[in-house]
2 protein chains.
Amino acid sequence: MTNIRDIAKMAGVSVTTVSRVINNHPYVSEEKVSAVKAAMKKFNYHRNINAVHLSRGKTHLIGVVVPFSNHPYFGLLIEGIANAALDHNYKLALIQTNYEETKEMEALRMLEDKQIDSLIICSRICAWDVIESYRKYGSIILCEDSRNDKISSTYIDHYKTFTMALDYLYEKGHHQIGYTIGRQTGANSSQRDAAYKDFLTRYALRYEPNYIFTSRFDVEDGVNVAEHLLDMKNRPTALLVTSDQVAAGILTGCRENGLDVPDDIAIMSFDNQPISKVMHITTLEIPFVEVGKKLFHQAVNGQEVSHEEIQVRLIERKTV
Amino acid sequence: MTNIRDIAKMAGVSVTTVSRVINNHPYVSEEKVSAVKAAMKKFNYHRNINAVHLSRGKTHLIGVVVPFSNHPYFGLLIEGIANAALDHNYKLALIQTNYEETKEMEALRMLEDKQIDSLIICSRICAWDVIESYRKYGSIILCEDSRNDKISSTYIDHYKTFTMALDYLYEKGHHQIGYTIGRQTGANSSQRDAAYKDFLTRYALRYEPNYIFTSRFDVEDGVNVAEHLLDMKNRPTALLVTSDQVAAGILTGCRENGLDVPDDIAIMSFDNQPISKVMHITTLEIPFVEVGKKLFHQAVNGQEVSHEEIQVRLIERKTV
DNA sequence: CTGTTAGCGCATTCAA
DNA sequence: TTGAATGCGCTAACAG
């Protein structure tokens, strides 16, 4: 491995000068620049990034925490961040937690160890104060509504969005509305649950515990919901579904069992993934590319705390 | 930032001793160990990983190259690798190329710069010899059949698999078989195409160019295939589809347009993702977790070249 | 069992 | 414009 010193020697200059041309500093004479460049080319020189990192105290690596990578929601988020990162010559360190808190702690520790410059947490498990205590090591960005806190975020106002969706369904004549969700803990879920309960109160509707389906992540979970629906004596007339995948499953399950959508049950979902278009599912579009881009920029800008709200757009199709 | 020297001083020992306890080396007296640990705790010491990397010349970072992250095939691959990596305390650097060769080159360069220890390329664009010329900087693992080459791989024998699938369809009475594929360049695609052509030759079947649908990645592409099918005068009776997503789209499209599956057209797909189960699509299961695990271990073991073949399993459902 | 010392490869004062 | 010298924080060979 030829290093900067070798190049300096070969080019007949000092290491400083080599460093200067590597980093495009001014005040280097033409001749030296070309001498150095020639030597670098001749020896196929490449600087050791780790040495640079150590010396500079920065890595240009951004950690991204997700529970899993194969879920469309997180896949898209990763995609968005990855695109922004690559454009700006940053690298991504993917940290998959499977929703284990220890893994998330590891990510935090990577920040502390200076292995990454900043951390984007797409789905948080750790407590607020834990995360906050790590902020001094680098910027931490969350993907949940943290307007009231000192941690930056790019978020969707799930309370507002859920309320809007519920009102929409109500106006379409639905008074028995249920919803499905993934993780039932977590900030986003709480917001949604609050919106749901407030909605019921506002219209003096009864709270039916079995109208809420938790732990629904995938198509199969959706089919399962459809099967549940069949057995219910007092079925909801509409369902708010927090993922197109699940919605696709519900739709498929309903069709197989003779439940008509939207006549027997209306479905409104989230994400606007290709599957929802193909199956004509009414959905709320989340602009993932934009989300990813904002998350990235917040991560890079570092210092100041900022909160970016993302707007969701209703896409009317045929399931409501 | 307290460093190893501070700790040594506080604990009244040498830096070496501190380094030893950090790395769990033997031959350190109980008392010194606890003295050091106390000091580390007291000052909330954390070693600077970059310094470790520089000193050791290794990063414990594995690069993973994918064209996109949100596609189930790559998502699952990432998932599998990420799980194996986290179990072994390795980190992943995700490099998303969008199928741009320059991005893949960047990944190769990261290897050269020692920013990553090894590289897993899930879908290759660069030429063989280019990749091979980077092998000296660290192990490079491919996700395609490279048995004849000096680069390690975990692969599916797509020639064999495609042949098997085609034979299966033939035995079920299908003599007009088409197929859909994603990228039409690339090693895996060539293998499949070769298998397809040999199959036709073997049974003296005519080659119909319009039985082959390229650039099909997603559900929407599948719907599009279904629409094409409608217009064909001489429709194939069966389709081999290289992704469950596309198959789901085709199935949906066919149903909407009154084409019966499997009576009018049989569908056999790849992956065995949840969507295929839900829609009862006959498919060829790829054990992604296993693939990810093998890729990871090859990446870590480094030195010697190895080739791991992955077996695919036929799952009979209702679309053939 | 323990400590001294010499790197690892580069960036960056500081002085010239 | 240039270069000598110092430091980033840690590991490991070597000596004791």
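Order of the sequence lines fixes the chain letters, A, B, ..., with proteins taken first and strands second; residue numbering starts at 1 for each chain.
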Can you measure [X] atom [atom1] to [N] atom [atom2] for me and round it to whole angstrom units?
X      : N      : atom1 : atom2 : result
A:H53  : C:dT12 : NE2   : P     : 13 Å
A:Y27  : D:dG3  : OH    : C1'   : 17 Å
B:Q115 : C:dG9  : CD    : C1'   : 15 Å
A:K9   : D:dG3  : NZ    : C1'   : 15 Å

Do [X] and [Y] meet the criterion of a side-chain donor-acceptor pair at a distance under 3.5 Å?
X      : Y      : answer
B:T59  : B:H53  : no
B:S123 : B:Y73  : no
B:Y155 : B:E144 : no

Please determine, for the side chain of A:S14, which listed nucleotide (D:dG3, C:dT2, D:dT1) has the closest atom? D:dG3
Does D:dG3 have its OP1 or OP2 closer than 4.0 Å to a side-chain nitrogen or oxygen of A:K32?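 For D:dG3, OP1/OP2 do have a side-chain N/O of A:K32 under 4.0 Å.
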Between A:E106 and B:K91, is the closest basic N to carboxylate O distance under 4.0 Å?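 Yes.
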Mind grabbing the angle between the end helix axes of the helix from C:dC1-D:dG16 to C:dA16-D:dT1? Five pairs an end, 10° rounding. 30°
Please work out which of the three classes, parallel, tilted or perpendicular, describes the rings of B:F68 and B:F74, given edges at 30° and 60°. perpendicular
Assign the ring pair B:F296 / B:H88 to parallel, tilted or perpendicular, where the plane angle (0 to 90°) is split at 30° and 60°. tilted
Do the side chain of A:S152 and the main chain of A:I141 share a donor and acceptor less than 3.5 angstrom apart? no
Go along nucleotides 6-16 of chain D 5' to 3' and tag each nucleotide: B for a protein heavy atom under 4.0 Å from its base, S when only backbone or sugar atoms are that close, - otherwise. -BBBBBBB---
Applying side-chain contact (heavy atoms from CB on, under 4.5 Å) to A:N98 and not counting sequence neighbours gives A:Q96, A:E100, B:E79, B:N83
